[in-house]
A.B. asks: 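Please find one structure pasted underneath; my questions will follow.
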2 protein chains.
Amino acid sequence: MKRRNTPTKEAVLSVITKAGQAMSQDAIEGEISIDINRATIYRVLNRFCEDGVLHKVIAEDGKQYFALCDGCDETHQMHQHFHFKCTVCETLECLPNEVNFSIPNGYHVENVNCVLTGVCKKCS
Amino acid sequence: MKRRNTPTKEAVLSVITKAGQAMSQDAIEGEISIDINRATIYRVLNRFCEDGVLHKVIAEDGKQYFALCDGCDETHQMHQHFHFKCTVCETLECLPNEVNFSIPNGYHVENVNCVLTGVCKKCS
DNA sequence: ATAATATTGCAATGTTGTTGCAATAAATTA
DNA sequence: TAATTTATTGCAACAACATTGCAATATTAT
Ligand SMILES: [Mn+2]
Ligand SMILES: [Mn+2]
Ligand SMILES: [Zn+2]
Ligand SMILES: [Zn+2]
């Protein structure tokens, strides 16, 4: 399953990179110049997640947001940082703050999803 | 909008209380003895949330889980604790661990949704 | 008992995300 | 360059979860 380079992949990654924040599928489709099918966008995004290019965040609206990874690869995924979702401008951004937790014995944590919701700096 | 007591409300709250953990709509419908409409269950649950009886958690599957509140009322809602969702038994529980975070100046946090996903003690 | 209105059931609708399959296009090989 | 392989895409259908409008019902107050 070797990856291939396509205009679609480049366009999707370009939009997310320019935005500088996490984006949902519909936001990406809205910002992208070329016309790409909804299902294709999801498949591209999920493949990027598998490859450690993006990571997925579930916000309080239950939607998936995709953000650029910083220092991840297929094996090492460190996404233990907080995210902030603004209820006004609807954007979701990665915060630098690390998530610290300690869980009871016997529990195995495989994934962390921490989202703070409120009003961002720009919208205050 | 004064609340009224109904068998439906009592049944829903009873199921969640007995379970001792957060539950989704379909889990509640599965455990409940009487037959209650799906939409009604959601309305009952959301009203409980408004009244500070329950709180809502969004898990990594994007689904809503409802858990008993401990020390909440309509005005003071302190749900800044972690939650753990087991991928094996599919249960979601409130952890005692408090969520500590500090955010950049100008940001206003109104809600916290922190879910750790993995394998719980029982399923390990 | 009557009146007011909160609650419910039902069906329809909305939203988000996934999947099967045939067509297309990127990468490899000859 | 031309042929081959197969990853990628578009389309349509499907699935899961949640919400909404409206008429019927049940609870509470008078
Ligand atoms: Mn992030
Ligand atoms: Mn909780
Ligand atoms: Zn904002
Ligand atoms: Zn478990």
Side-chain angles (χ1 to χ4, degrees), chain A residues 1-16 22-51 53-67 74 85 87 90 92 111 113 115 117, chain B residues 1-16 22-51 53-67 74 85 87 90-92 113 115 117:
Chain A
M1 192 73 99
K2 228 189 280 178
R3 302 293 186 212
R4 293 180 182 177
N5 294 324
T6 68
T8 294
K9 287 178 64 174
E10 290 179 25
V12 168
L13 199 54
S14 160
V15 164
I16 297 179
M23 296 184 79
S24 58
Q25 178 275 322
D26 59 299
I28 293 169
E29 189 174 337
E31 288 294 321
I32 221 162
S33 52
I34 57 179
D35 201 63
I36 308 177
N37 183 268
R38 209 159 46 93
T40 301
I41 295 180
Y42 276 113
R43 283 190 276 229
V44 166
L45 290 170
N46 285 322
R47 265 178 267 148
F48 276 140
C49 284
E50 290 175 14
D51 298 344
V53 177
L54 299 179
H55 63 281
K56 191 187 292 191
V57 183
I58 310 296
E60 279 193 341
D61 53 11
K63 284 172 63 178
Q64 305 179 346
Y65 289 77
F66 298 85
E74 295 98 303
K85 169 93 190 303
T87 55
E90 294 280 300
L92 190 149
N111 225 308
N113 193 80
V115 180
T117 306
Chain B
M1 194 73 101
K2 229 189 279 176
R3 302 293 187 213
R4 294 180 181 177
N5 294 324
T6 68
T8 294
K9 288 178 63 174
E10 289 178 26
V12 168
L13 199 55
S14 160
V15 164
I16 296 179
M23 297 184 79
S24 58
Q25 177 276 321
D26 58 299
I28 293 169
E29 189 174 336
E31 287 296 319
I32 222 162
S33 52
I34 57 179
D35 202 63
I36 309 178
N37 183 267
R38 209 157 44 95
T40 302
I41 295 179
Y42 276 113
R43 283 190 276 228
V44 166
L45 290 170
N46 285 322
R47 264 179 267 147
F48 276 141
C49 285
E50 290 174 14
D51 299 343
V53 177
L54 299 178
H55 64 281
K56 189 188 293 191
V57 183
I58 310 297
E60 278 193 342
D61 54 9
K63 282 173 64 178
Q64 305 178 347
Y65 290 77
F66 298 85
E74 295 99 302
K85 170 92 190 301
T87 55
E90 294 282 297
T91 63
L92 190 149
N113 193 80
V115 179
T117 306

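In what follows, chains carry the letters A, B, and so on, assigned in the order in which the sequence lines appear, proteins first and then strands, with residues in each chain numbered from 1. Please read these numbers as outputs of a predicted model, since none were measured by experiment.
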A.B. asks: Taking only residues two or more places apart in sequence or in another chain, which ones pass side chain to side chain donor-acceptor pair (under 3.5 Å) with E10(B)?
C.D. replies: none
A.B. asks: Is there a side-chain contact between I41(A) and E29(A) (heavy atoms, below 4.5 Å)?
C.D. replies: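 Yes, close enough: below the 4.5 Å cut-off.
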A.B. asks: Under the side chain to side chain donor-acceptor pair (under 3.5 Å) test, which residues partner E60(A), sequence neighbours left out?
C.D. replies: T117(A)
A.B. asks: Could you give the angle between the helix axes at the two ends of the helix from dA1(C)-dT30(D) to dA30(C)-dT1(D), with five pairs per end, rounded to 10 degrees?
C.D. replies: 30°
A.B. asks: Name every residue in residues 3-10 of chain B that has at least one heavy atom under 4.0 Å from any atom of DNA chain D, in order of residue number, or write none if there are no such residues.
C.D. replies: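 Residues of residues 3-10 of chain B under 4.0 Å from DNA chain D: R4(B), N5(B), P7(B).
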A.B. asks: Check side chain to side chain donor-acceptor pair (under 3.5 Å) between R3(B) and all other residues, then give those that pass, not counting sequence neighbours.
C.D. replies: E50(B), D51(B)
A.B. asks: Taking the side chain as everything from C-beta on, heavy atoms only, tell me whether I28(B) gets closer than 4.5 Å to L45(B).
C.D. replies: yes
A.B. asks: Side chain of N113(B), backbone of V57(B): donor and acceptor closer than 3.5 Å?
C.D. replies: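 No: the side chain of N113(B) does not pair with the backbone of V57(B).
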A.B. asks: Sugar-phosphate atoms are those with a prime plus P, OP1 and OP2; base atoms are the rest. Using that split, label each nucleotide of nucleotides 11-24 of chain C B, S or - for protein heavy atoms under 4.0 Å, 5' to 3'.
C.D. replies: -----SBBBB----
A.B. asks: Calculate the interatomic distance between I36(A) atom CD1 and dA25(C) atom C1'; express it in whole Å.
C.D. replies: 15 Å
A.B. asks: Identify, with sequence neighbours excluded, every residue that meets salt bridge (charged side-chain N to carboxylate O under 4.0 Å, His left out) alongside K63(A).
C.D. replies: D26(A)
A.B. asks: Find the distance D35(A):CG to dC11(D):C1' and express it as a whole number of Å.
C.D. replies: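 Spelled out: CG on D35(A) to C1' on dC11(D) is 12 Å.
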A.B. asks: Who passes side chain to side chain donor-acceptor pair (under 3.5 Å) against S14(B), sequence neighbours left out?
C.D. replies: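 So S14(B) forms a side chain to side chain donor-acceptor pair (under 3.5 Å) with K18(B).
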A.B. asks: Using side-chain contact (heavy atoms from CB on, under 4.5 Å) as the criterion, list what pairs up with E90(A), not counting sequence neighbours.
C.D. replies: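 By the side-chain contact (heavy atoms from CB on, under 4.5 Å) rule, E90(A) matches K85(A).
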A.B. asks: Which pairs with one or both residues in residues 37-46 of chain A pass side chain to side chain donor-acceptor pair (under 3.5 Å), sequence neighbours excluded?
C.D. replies: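 Matches after skipping sequence neighbours: N46(A)-K56(A).
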